[in-house]
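To start, the structure itself, in structure tokens.
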Amino acid sequence: MNDYEVVVAGAGPVGTVAALILARAGIKVLLLESGAACATDLRASTFHPPTLEIMKALGLSDALHAQGLVAPVYRYHNRRTGAVIGFDLSELADITDYPYRLQCEQWKLTNLATGRLLEHRGADLKFSRRVAGFAQDDDGVTIHIETPTDTQTVRADYLLGCDGSNSIIRKGLAVEFEGFTYGEKFLCLSTAMPVEAYLDNICYVNYMADPEEWLVLLRAPTAWRVLVPAAEAEPDDVLLADPKKDRVFAGLLGSNTPVETLHRTIYRVHQRVARQYRFGRVILAGDAAHLNNPLGGMGMNAGIHDVWNLCPKLVEILRNGADDGLIDLYDRQRRTVMGEFIQAQTIRNKRAMEMAADEATSRAEAELAETARDPALRREYLLRQSMYRSLEREAEIH
Ligand SMILES: Cc1cc2nc3c(=O)[nH]c(=O)nc-3n(C[C@H](O)[C@H](O)[C@H](O)COP(=O)(O)OP(=O)(O)OC[C@H]3O[C@@H](n4cnc5c(N)ncnc54)[C@H](O)[C@@H]3O)c2cc1C
């Protein structure tokens, strides 16, 4: 018998949710995190309605809502013309109890989920444990772990690689990570300044299109967050310095009001999907399996949808003797949806931000305005952006 039924590598939002789903079903699970605690960096801050339904099923919804902001409305602004087009998720109230985005930092989920995980007998969480390698055979997977002082091994029936974009597990599998990396960098700034006092027509989620410098302005409970593209050739220290920050905020606020930032971070952004998610007893999920740009807030949500699909299948296999071909079904369902829907939608969302100030702009903007006006088009749009359509597509795949 192996030490654990499942070992999960990585206590990000995807790994912690995976471990919690398994623990709630009585699976003996070990969650390993290389950091000394869950990361608290400011990345995902948008939870879409179907993900909130998953949070409810896991008993996390109330605690998450208590720490988040309800955002039913989001708006597209044309930075050149000042045109504004709005969408309101309240229109989906007939299909969900959560017809809005919840703006809440992803670290609040990881903290909550790890706390709940430890309430389950048979669940274990170890920090400062880096998965360094693995080897599988017919009976299980041997996982090699580095601690601050030594190396260890554990055995598990299955290993889940939820170890993020630089996944050691994906690299160990030597699977192709197909796609591309954007030429530009993304600069993310956050501030506690009341930006809303300086701008008209803004809500918690604002996409501001511009051919030269599009801008995303999002409210998270602890700060306003601003995301802009930045030239690849510009050195990081220049992008992180005050003059760049001052230029971004002057462009946003239309004045030289001094703005103090809480965070300044630069990201490289990719559109990539692993060619396969399942390799015998080793399975990829979340950023380890796929990456996309953050426009539309879909990366973390898609990763949580991965493990919401996968983990009940693992429970069926481990508890009820189901055929482990079920894991191939996970692979087919989630990879198809990732390619057809999430990659396609996020690439489209980024293009919409870069609309050129020409005839094409007016056409794209006119189409968006028509979508917002027409009830049937608007509903379809809301169902896609809130990710319901991706889950419907997943259910069609057998
Ligand atoms: C600026 C920005 C904004 C974003 N906004 C959104 C948003 O609003 N909505 C959304 O859905 N997504 C968003 N995303 C994407 C989202 O942050 C990621 O998709 C999400 O963090 C993926 O979760 P994960 O658990 O797969 O990986 P991670 O969050 O990267 O977690 C992986 C964990 O594994 C650990 N780890 C790594 N290697 C090992 C190892 N060898 N052994 C053990 N542990 C290991 C890491 O320390 C980390 O804790 C955004 C991304 C960026 C950059």
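Both counts, for ligands and for their atoms, begin at 1 and track the order of listing. Scope of the values below: all heavy atoms of this structure, side chains included, with no hydrogens, waters or symmetry mates.
Residue pairs meeting the side-chain hydrogen bond (donor to acceptor under 3.5 Å, both in side chains) criterion with at least one partner in residues 14-29, sequence neighbours excluded, do not occur; the list is empty.
Q271 and Q343 share a side-chain donor-acceptor pair at under 3.5 Å. Looking only at atom types and distance, the side chain of E365 has a donor-acceptor partner in the side chain of N78 under 3.5 Å away. The closest side-chain donor-acceptor pair between T96 and Y388 falls under 3.5 angstrom. Side-chain contact annotation: H305 with T51, donor-acceptor N/O pair under 3.5 Å present.
Considering backbone and side-chain N/O atoms, S165 never comes within less than 3.5 Å of an N/O atom of ligand 1. Residue A39 has no N or O atom closer than 3.5 Å to an N or O atom of ligand 1. For ligand 1, the polar-atom distance check finds an N/O of G299 within less than 3.5 Å of one of the ligand's N/O atoms. For ligand 1, the polar-atom distance check against C188 finds no nitrogen or oxygen pair separated by under 3.5 Å. Residue Y267 places no N or O, backbone or side chain, under 3.5 Å from any N or O of ligand 1. Close N/O approach between A9 and ligand 1 is not found [any backbone or side-chain N/O within under 3.5 Å]. The N/O atoms of G297, backbone and side chain alike, include one that comes under 3.5 Å of an N/O atom in ligand 1.
The ligand atoms of ligand 1 that sit less than 4.0 angstrom from a heavy atom of G286 are 26 (O). Listed by number with element, the atoms of ligand 1 under 4.0 angstrom from any heavy atom of L32 are 43 (C), 44 (N). Close approach of ligand 1 to G12 is summarised as follows: ligand atoms under 4.0 Å from at least one heavy atom of the residue are 25 (O), 31 (O), 33 (C), 49 (O). Counting atoms of ligand 1 from 1 in the listed order, those under 4.0 Å from a heavy atom of R130 are 41 (N), 42 (N). Close approach of ligand 1 to T46 is summarised as follows: ligand atoms under 4.0 Å from at least one heavy atom of the residue are 7 (C), 8 (O), 9 (N). Near V14, meaning under 4.0 Å from one of its heavy atoms, ligand 1 places the atoms 23 (O), 24 (P), 25 (O), 26 (O). The contact set between ligand 1 and G164, taken as ligand atoms under 4.0 Å from a residue heavy atom, comprises 27 (O), 30 (O), 32 (C).
Among protein heavy atoms, atom 42 (N) of ligand 1 sits closest to V131 N, 2.9 Å. Nearest protein neighbour of atom 12 (N) of ligand 1, counting heavy atoms only, is M300 N, 3.0 Å. The shortest contact between atom 29 (O) of ligand 1 and any protein heavy atom is with R43 NH2, 3.0 Å. Protein heavy atom closest to atom 34 (O) of ligand 1, with residue, atom name and distance, is G10 CA, 3.2 Å. The protein heavy-atom contact nearest to atom 19 (O) of ligand 1 is D287 OD1, 2.7 Å.
Y207 pairs with exactly one of F87, Y76, W214 by the ring pair (Phe, Tyr, Trp, His ring centres under 6.0 Å) rule, that one being Y76.
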Please determine whether salt bridge (charged side-chain N to carboxylate O under 4.0 Å, His left out) holds for the pair R379 and E91, giving the CA-CA distance in whole Å, both sets of side-chain angles, and the decisive distance to 0.1 Å.
CA-CA 8 Å; R379 187 167 177 89; E91 293 182 32; over 6 Å; no
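For Q136 (side chain) and R281 (main-chain N/O), a donor-acceptor pair under 3.5 Å exists by modelled atom type. Panel note: side chain R75, backbone H77; no donor-acceptor pair is recorded below 3.5 Å. Formation of a donor-acceptor pair under 3.5 Å by the E316 side chain with backbone atoms of A322 is not found in this model.
Using a non-hydrogen distance threshold of 4.0 Å, R129 registers as a contact of ligand 1.
Ring geometry, F180 versus Y182: the interplanar angle exceeds 60°, so the pair is classed perpendicular (tilted spans 30 to 60°). Using the six-membered ring where Trp is involved, Y277 and Y330 have ring planes that are tilted, between 30° and 60° apart.
When the heavy atoms of M298, R225, R101, Q106 are ranked by distance to atom 21 (O) of ligand 1, first place goes to Q106. Among C104, C162, S128, S34, the residue whose heavy atom lies closest to atom 32 (C) of ligand 1 is C162. Proximity annotation for atom 35 (C) of ligand 1: of E146, E105, E33, K171, E33 comes nearest, heavy atoms only. By heavy-atom distance, the residue among A44, S167, A11 lying nearest atom 14 (N) of ligand 1 is A44. For atom 37 (C) of ligand 1, the nearest non-hydrogen atom from the set L295, D163, T346, V307 comes from D163.
Between K56 and E53, none of the side-chain N atoms (NZ, or NE/NH1/NH2) sits under 4.0 Å from a carboxylate O, so this pair counts as no salt bridge.
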Let me check something: any side-chain donor-acceptor pairs from residues 253-266 under 3.5 Å, sequence neighbours excluded? List them with distances.
unit_1: S255; atom_1: OG; unit_2: T257; atom_2: N; d: 3.4
unit_1: S255; atom_1: OG; unit_2: T257; atom_2: OG1; d: 2.5
unit_1: T261; atom_1: OG1; unit_2: R264; atom_2: NE; d: 2.8
unit_1: T261; atom_1: OG1; unit_2: R264; atom_2: NH2; d: 3.3
unit_1: H263; atom_1: ND1; unit_2: S190; atom_2: OG; d: 2.8
unit_1: R264; atom_1: NH1; unit_2: L240; atom_2: O; d: 2.8
unit_1: R264; atom_1: NH1; unit_2: D242; atom_2: OD1; d: 2.9
unit_1: R264; atom_1: NH2; unit_2: D242; atom_2: OD1; d: 2.8

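R272 and G179 get closest at one heavy-atom pair: NH1-O, 3.4 Å.
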